[in-house]
Student: 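Just dropping this structure here.
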Amino acid sequence: MKLGILLTTSPENENTNTVIAISRAAKEAGHEVSVFLMYDSVYNAYKKEFAELIDKGVSIAVCALNVEQRKMSRVPGILFGSQYDNACIASNVDRFISFG
Amino acid sequence: MKKITVIVRNLPLNTRKNAEALRMSVGLTLREDKVTVIFMDDGVYTATHIKPELLNFTPMDKAFEALSMLKCPLFADKPSMQKRGINKLIENVKPAEREEIVRTITESDIAIPF
Amino acid sequence: MQDMSRITELDLRGEVCPYTFVKTKLKLEELESGEELKVILDHAPAVENVPRSLKNEGHKILGIEQKGDNLWNVRIRKA
């Protein structure tokens, strides 16, 4: 199954741990997982757990505009993407869940 | 084609969230999915004639214009409007009964509360 | 017969994502297959993302040219 996850909250929100846990479990169960980070959730790109998810094969993209607005630097392995990428995830997955 | 519903529930003038929800809604149309935006609870204020620019916030007119041009239905929840004494909405946002709001959300393939 | 030498120009200075791509897509819808569109952008992330998204939609990127500190031309051939 293809799973898409949208996260919009900043790292101190409990949503972050939920998204990490769901992504990890889904990937370990053999599912394809794509995560899109926008609004304050782009700060999650710096978390080591997200780097670990990338190593496991989870695809992670951020809204480049939100990253630029927050003067953040790029993180290797994370696509410096756009709202088009979020649209592609929503359009292509079997299940899409959002955490906001 | 999927049915995607974005639900805006927060006050518009103490956060950038609502503007971002609308920008995201515009983006979600790019793969030909049908995008509907619902304003409910305090989110209904977003669809009124507010002036975010007075607080140095970017106005949301552009997103509303784009969503209208892209023919995305925009609904405001009537009970939320009545509770707040709102009787005037910006152009192209339609007041909708709670039943219609519930039907729209339950018929969606994807619902995004923002 | 369509005029393949015609280049349509779209000035997107001041626009950010997703409006850069939405407007490019709408302009391409007005063109015939094989026609060329030149898009002017001044938002750096869009210079990466608009061509990548267009390629994903099947269009051809003929070139990306930096014209100034924050100014780029992207040439597209409609699929």
Side-chain angles (χ1 to χ4, degrees), chain A residues 1-16 18-19 22 26 32-45 59-72 79-100, chain B residues 1-43 46 52 56-58 60 62-67 69-72 104-114:
Chain A
M1 191 179 85
K2 288 182 185 172
L3 174 67
I5 298 175
L6 169 69
L7 178 62
T8 58
T9 47
S10 52
E12 70 274 14
N13 192 296
E14 64 192 34
N15 284 336
T16 289
T18 309
V19 167
I22 289 178
E32 205 176 297
V33 184
S34 302
V35 179
F36 190 77
L37 306 175
M38 70 170 286
Y39 191 55
D40 282 342
S41 83
V42 293
Y43 291 118
N44 284 293
S59 150
I60 301 180
V62 289
C63 172
L65 176 64
N66 292 153
V67 167
E68 194 196 41
Q69 285 165 337
R70 287 160 180 78
K71 315 275 183 225
M72 291 169 63
L79 176 68
F80 195 63
S82 71
Q83 292 295 323
Y84 175 80
D85 296 295
N86 188 36
C88 288
I89 294 171
S91 190
N92 297 340
V93 294
D94 302 299
R95 287 286 169 88
F96 185 94
I97 41 179
S98 79
F99 294 87
Chain B
M1 189 183 77
K2 283 185 182 165
K3 288 181 185 169
I4 303 176
T5 302
V6 178
I7 308 155
V8 177
R9 302 183 68 175
N10 296 293
L11 282 167
L13 294 179
N14 57 357
T15 176
R16 289 274 314 149
K17 267 189 108 154
N18 297 12
E20 286 293 277
L22 297 180
R23 190 174 70 85
M24 180 192 70
S25 303
V26 174
L28 283 169
T29 65
L30 287 166
R31 294 293 290 173
E32 318 305 335
D33 291 317
K34 182 179 165 56
V35 178
T36 301
V37 182
I38 289 175
F39 301 93
M40 64 186 305
D41 300 335
D42 282 339
T46 316
N56 285 332
F57 277 23
T58 315
M60 289 178 258
K62 196 174 179 173
F64 276 113
E65 279 166 27
L67 290 166
M69 190 191 68
L70 295 161
K71 299 190 169 44
C72 300
T104 304
I105 294 171
T106 50
E107 285 176 357
S108 300
D109 299 294
I110 297 172
I112 306 177
F114 205 111

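Only heavy atoms go into these numbers, but all of them, side chains included; no hydrogens, no water, no symmetry mates. Labels below follow one simple rule: chain letters A, B, ... track the order of the sequence lines, proteins then strands, and each chain is numbered from 1.
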Student: Under 6.0 Å from the CZ atom of Arg31(B), do we count more than 12 heavy atoms belonging to anything else shown?
Tutor: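 Yes, CZ of Arg31(B) has more than 12 neighbouring heavy atoms, counting only those of other groups under 6.0 Å.
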Student: Which bit of Ala21(B) is near chain A, if near means a heavy-atom gap under 4.5 Å: side chain, backbone, both or neither?
Tutor: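 No part of it gets close to chain A.
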Student: What residues of residues 92-100 of chain A sit under 4.5 Å from chain B when only non-hydrogen atoms are counted?
Tutor: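 Near chain B, by residue number: Asn92(A), Val93(A), Phe96(A), Ser98(A), Gly100(A).
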Student: Is Leu28(B) close to chain A through its backbone or its side chain, or both, or neither, when contacts mean heavy atoms under 4.5 Å?
Tutor: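 Answer is both: backbone and side chain atoms of Leu28(B) are under 4.5 Å from chain A.
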Student: Looking at Val35(B), Ile112(B), Leu30(B), which has the largest count of heavy-atom pairs under 4.5 Å with chain A?
Tutor: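 Top option by heavy-atom pairs under 4.5 Å: Ile112(B).
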Student: Say you draw a straight line from CD1 of Ile89(A) to CD1 of Ile110(B); how long is it, rounded to the nearest 0.5 Å?
Tutor: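 With rounding to 0.5 Å, CD1 (Ile89(A)) is 10.5 Å from CD1 (Ile110(B)).
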Student: Counting only heavy atoms from other residues, nucleotides and ligands, does the tally under 6.0 Å from NZ of Lys2(B) exceed 12?
Tutor: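 For Lys2(B), atom NZ is crowded (more than 12 foreign heavy atoms under 6.0 Å).
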Student: Could you check which of Asn66(A), Leu6(A), Asp85(A) has the highest count of heavy-atom pairs closer than 4.5 Å to chain B?
Tutor: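 Sorted descending by pairs with chain B, the first entry is Asn66(A).
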Student: Measure Ile4(B) against the heavy atoms of chain A and call it side chain, backbone, both or neither at under 4.5 Å.
Tutor: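 The side chain, not the backbone.
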Student: Quick one: of Arg23(B), Met1(B), Glu32(B), Arg16(B), who has the most non-hydrogen atom pairs under 4.5 Å with chain A?
Tutor: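 Most heavy-atom pairs under 4.5 Å with chain A: Arg23(B).
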Student: Could you tell me which portion of Thr8(A) (side chain, backbone, both or neither) has an atom closer than 4.5 angstrom to a non-hydrogen atom of chain B?
Tutor: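 Only the side chain of Thr8(A) comes within 4.5 Å of chain B.
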Student: Between CG of Asp109(B) and OG of Ser91(A), what distance do you get to the nearest 0.5 Å?
Tutor: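 So the gap between those two atoms works out to 10.0 Å.
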Student: To the nearest 0.5 Å, what is the distance between CD (Glu20(B)) and CE (Met38(A))?
Tutor: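 Here the rounded value is 4.5 Å.
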